[in-house]
K.L.:
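Take this structure first; my questions come after.
Below, read A as the first sequence line, B as the second, and so on, with proteins coming before strands; counting in each chain starts at 1. Just so it is clear, the model here is predicted, and its values are computed rather than measured.
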Number of protein chains: 2
Amino acid sequence: MPAQDTREQIVEAADRLFYEQGFDTTSFADIASVVGLSRGNFYYHFKTKDEILDAVIDRRLAVTRAMLNAWQAGAETPKARIMSFVRILIANRAKIMSHGCPVGTLSSELAKLDHASRDKAAAVFTLFRDFLRRQFAELGEPDADGLALHVLMRSQGVAALATAFRDEAFVDREVAGMERWLDTRCPDTPRN
Amino acid sequence: MPAQDTREQIVEAADRLFYEQGFDTTSFADIASVVGLSRGNFYYHFKTKDEILDAVIDRRLAVTRAMLNAWQAGAETPKARIMSFVRILIANRAKIMSHGCPVGTLSSELAKLDHASRDKAAAVFTLFRDFLRRQFAELGEPDADGLALHVLMRSQGVAALATAFRDEAFVDREVAGMERWLDTRCPDTPRN
DNA sequence: GTCTATAAATAGATAGAC
DNA sequence: GTCTATCTATTTATAGAC
């Protein structure tokens, strides 16, 4: 198999395992086993665990950029685009109840490890933040960045409690609440 | 030294280390080193790492109960008591920016490990939830539990983003936003 | 109740054959 | 590019002296 394909398979498997089990918990053996590789061959593709982590974050950055571009192109209004973001909580509800938000949990784990890639992991958040800020700016909001952080904050809070209580209905209620908030906060007809 | 004192020192040290470094990352050697104990003697007090975790969670439950009782006694109105909760985000801001919320991050780590004590860790959340629900009920809110979860959700979201972006001002703004929300959502003079 | 010594398993990482 | 074999460090955990 071409090295590029094997490398991609490793990064894909690591991405999934880092999400489901955590970065620190996941061993080389775990990843190698999923890919069907010997531990020895592993080191041909990646010299250290931190290199795999960097590749995983790069992959997440690329996947997120593509998703944001699709939302940008696929929804007509800024509000609809913001709701595209909010509704990933519904789309990924089951996985979030099991393992939390992949962005938030990696960020918090690397913070605890005081890991060199801590800020790089947070850059995935920044992609969402910039996307949301653009939508609020388009809606004419002066504090577009503050509102972007607010939406990001709420989605993180919902994910955290969804993991703790594993309550589907709670997620649905909070998503509905965010839609109501968005409609009230940014009405389609300008305020007086 | 009496066994009880040493045990308490171990649990205290483990509590801090589990928070700062994470549960999985923290080794017996780490804890023993903080307490100034040999690894061998460690096993006189705790047979497994899971036993220490259970003791740490029991300690957190007790400490939280005491804190909630103090808030209940120390603030005159339900709204002031809710704000006692919200303002721990300010009081613990620096630690939260470094290591996240101790309750949320342990809950998410144990979820990923699919750990037997996962639900026990979530019980700390339930203490806060019940406390907040009582305050909203006292304010005459019919959906007191939903509002309690909402406040808990926002505090978790703020903690998660505070860890990712390490932005003090963001925490302050969101705490101010929660106070405004509380005043608007539950006005002192009843609505028409 | 605390210690040293040590076992057994697993981690990350390397060397060298094919 | 993939393998087996191996190294070294660290982990959880135990035995037994004091």
Side-chain angles (χ1 to χ4, degrees), chain A residues 1-59 106 109-110 112-118 120-121, chain B residues 1-57 106 109-110 112-118 120-121:
Chain A
M1 195 186 301
Q4 199 51 37
D5 288 11
T6 305
R7 198 192 143 93
E8 229 172 279
Q9 277 189 287
I10 290 174
V11 176
E12 239 180 83
D15 191 350
R16 211 195 76 215
L17 289 172
F18 288 175
Y19 173 42
E20 292 178 353
Q21 312 184 338
F23 166 68
D24 199 58
T25 309
T26 302
S27 66
F28 279 25
D30 289 337
I31 305 170
S33 158
V34 166
V35 182
L37 268 178
S38 74
R39 263 165 302 159
N41 185 20
F42 209 97
Y43 288 83
Y44 172 79
H45 300 280
F46 291 98
K47 300 243 184 302
T48 67
K49 201 177 173 184
D50 290 350
E51 269 183 43
I52 308 177
L53 176 62
D54 266 9
V56 165
I57 298 175
D58 280 332
R59 185 175 189 272
L106 182 63
E109 184 177 0
L110 296 186
K112 278 189 204 290
L113 298 176
D114 205 14
H115 196 283
S117 295
R118 176 184 176 170
K120 185 169 180 172
Chain B
M1 196 186 298
Q4 199 50 38
D5 288 11
T6 306
R7 199 192 142 94
E8 230 171 278
Q9 277 188 288
I10 291 173
V11 175
E12 240 180 83
D15 191 351
R16 211 195 75 216
L17 290 172
F18 288 175
Y19 173 42
E20 292 178 354
Q21 312 184 338
F23 166 69
D24 200 58
T25 309
T26 302
S27 66
F28 279 25
D30 289 337
I31 305 171
S33 157
V34 166
V35 181
L37 227 62
S38 74
R39 264 165 301 157
N41 186 20
F42 209 98
Y43 288 83
Y44 171 79
H45 300 279
F46 290 99
K47 300 244 182 302
T48 67
K49 203 176 170 185
D50 290 351
E51 271 184 42
I52 307 177
L53 176 61
D54 266 9
V56 165
I57 298 175
L106 182 63
E109 184 177 0
L110 296 186
K112 278 188 203 292
L113 298 176
D114 204 15
H115 195 283
S117 295
R118 176 184 176 170
K120 185 169 180 172

K.L.:
Reckon Y44(B) has a side-chain N or O less than 4.0 Å from the OP1 or OP2 of dT2(C)?
P.N.:
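Answer no for this pair, as no side-chain N or O of Y44(B) is under 4.0 Å from OP1 or OP2.
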
K.L.:
Which nucleotide in the list dT11(D), dC3(C), dT4(D) gets nearest to the side chain of S38(A)?
P.N.:
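Looking only at side-chain atoms, S38(A) lies closest to dT4(D).
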
K.L.:
Measure from CZ on R39(A) to C1' on dT2(D) and round the result to the nearest Å.
P.N.:
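After rounding, the reported distance stands at 14 Å.
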
K.L.:
In terms of the nearest nucleotide of DNA chain C, which residue is placed more toward the 5' end: N41(A) or D30(A)?
P.N.:
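That would be D30(A).
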
K.L.:
Is there a side-chain contact between L53(A) and K49(A) in this structure, where contact means two heavy atoms from C-beta onward sitting under 4.5 Å apart?
P.N.:
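Side chain of L53(A) against side chain of K49(A), heavy atoms only: no contact under 4.5 Å found.
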
K.L.:
Separation of Y43(B) atom OH from dC3(C) atom C1', in whole Å?
P.N.:
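Y43(B) atom OH is separated from dC3(C) atom C1' by 15 Å.
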
K.L.:
Side-chain N or O of T6(B) less than 4.0 angstrom from OP1 or OP2 on dT2(C)?
P.N.:
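So the side chain of T6(B) is within the cut-off, an N or O lying under 4.0 Å from OP1 or OP2 of dT2(C).
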
K.L.:
Please round to the nearest 0.5 Å and tell me the distance separating atom NE2 of H45(A) and atom CD1 of I31(A).
P.N.:
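So the gap between those two atoms works out to 12.5 Å.
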
K.L.:
Picking from dT4(D), dT11(D), dT4(C), which would you name as closest to the side chain of S27(B)?
P.N.:
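When the side chain of S27(B) is considered, dT11(D) is the closest of dT4(D), dT11(D), dT4(C).
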
K.L.:
Quick one: does D50(B)'s side chain get under 4.5 Å of H115(B)'s, heavy atoms only?
P.N.:
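The answer is yes, as the side chains (C-beta and beyond) meet within the 4.5 Å cut-off.
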
K.L.:
Just the rounded figure in Å: distance from P of dG1(C) to CG of D5(B).
P.N.:
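One finds 10 Å between P of dG1(C) and CG of D5(B), rounded.
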
K.L.:
Can you label the angle between the F42(B) ring and the F28(B) ring as parallel, tilted or perpendicular, going by 30° and 60°?
P.N.:
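Parallel.
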
K.L.:
Rounded off to whole Å, could you give me the CG-to-C1' distance for the D24(A) and dT10(C) pair?
P.N.:
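Between C1' of dT10(C) and CG of D24(A): 13 Å.
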
K.L.:
Between atom CG in L113(B) and atom C1' in dT12(D), what is the gap in whole Å?
P.N.:
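The distance from CG of L113(B) to C1' of dT12(D) comes to 15 Å, rounded to the nearest Å.
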
K.L.:
With sugar-phosphate meaning primed atoms plus P, OP1 and OP2, does T25(A) contact a base, only sugar-phosphate, or nothing at under 4.0 Å between heavy atoms?
P.N.:
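Nothing, no heavy atom under 4.0 Å.
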
K.L.:
Expressed as a whole number of angstroms, how long is the span from I10(A):CD1 to dG1(D):P?
P.N.:
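Atom CD1 in I10(A) sits about 12 Å away from atom P in dG1(D).
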
K.L.:
Starting at CZ of F28(B) and ending at P of dA9(D), how long is that distance when rounded to a whole Å?
P.N.:
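Interatomic distance, CZ of F28(B) to P of dA9(D): 23 Å.
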
K.L.:
Using every non-hydrogen atom in the two residues, find where L106(A) and A121(A) come nearest and quote the distance to one decimal.
P.N.:
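So the minimum-distance heavy-atom pair works out to CD2-CB, 4.1 Å.
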
K.L.:
What is the distance, to the nearest angstrom, from the CZ atom on F42(A) to the P atom on dA5(D)?
P.N.:
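Between P of dA5(D) and CZ of F42(A): 20 Å.
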
K.L.:
Choosing from dG1(C), dC3(D), dG12(C), which nucleotide comes nearest the side chain of K49(A)?
P.N.:
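Among the listed nucleotides, the one closest to the side chain of K49(A) is dG12(C).
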
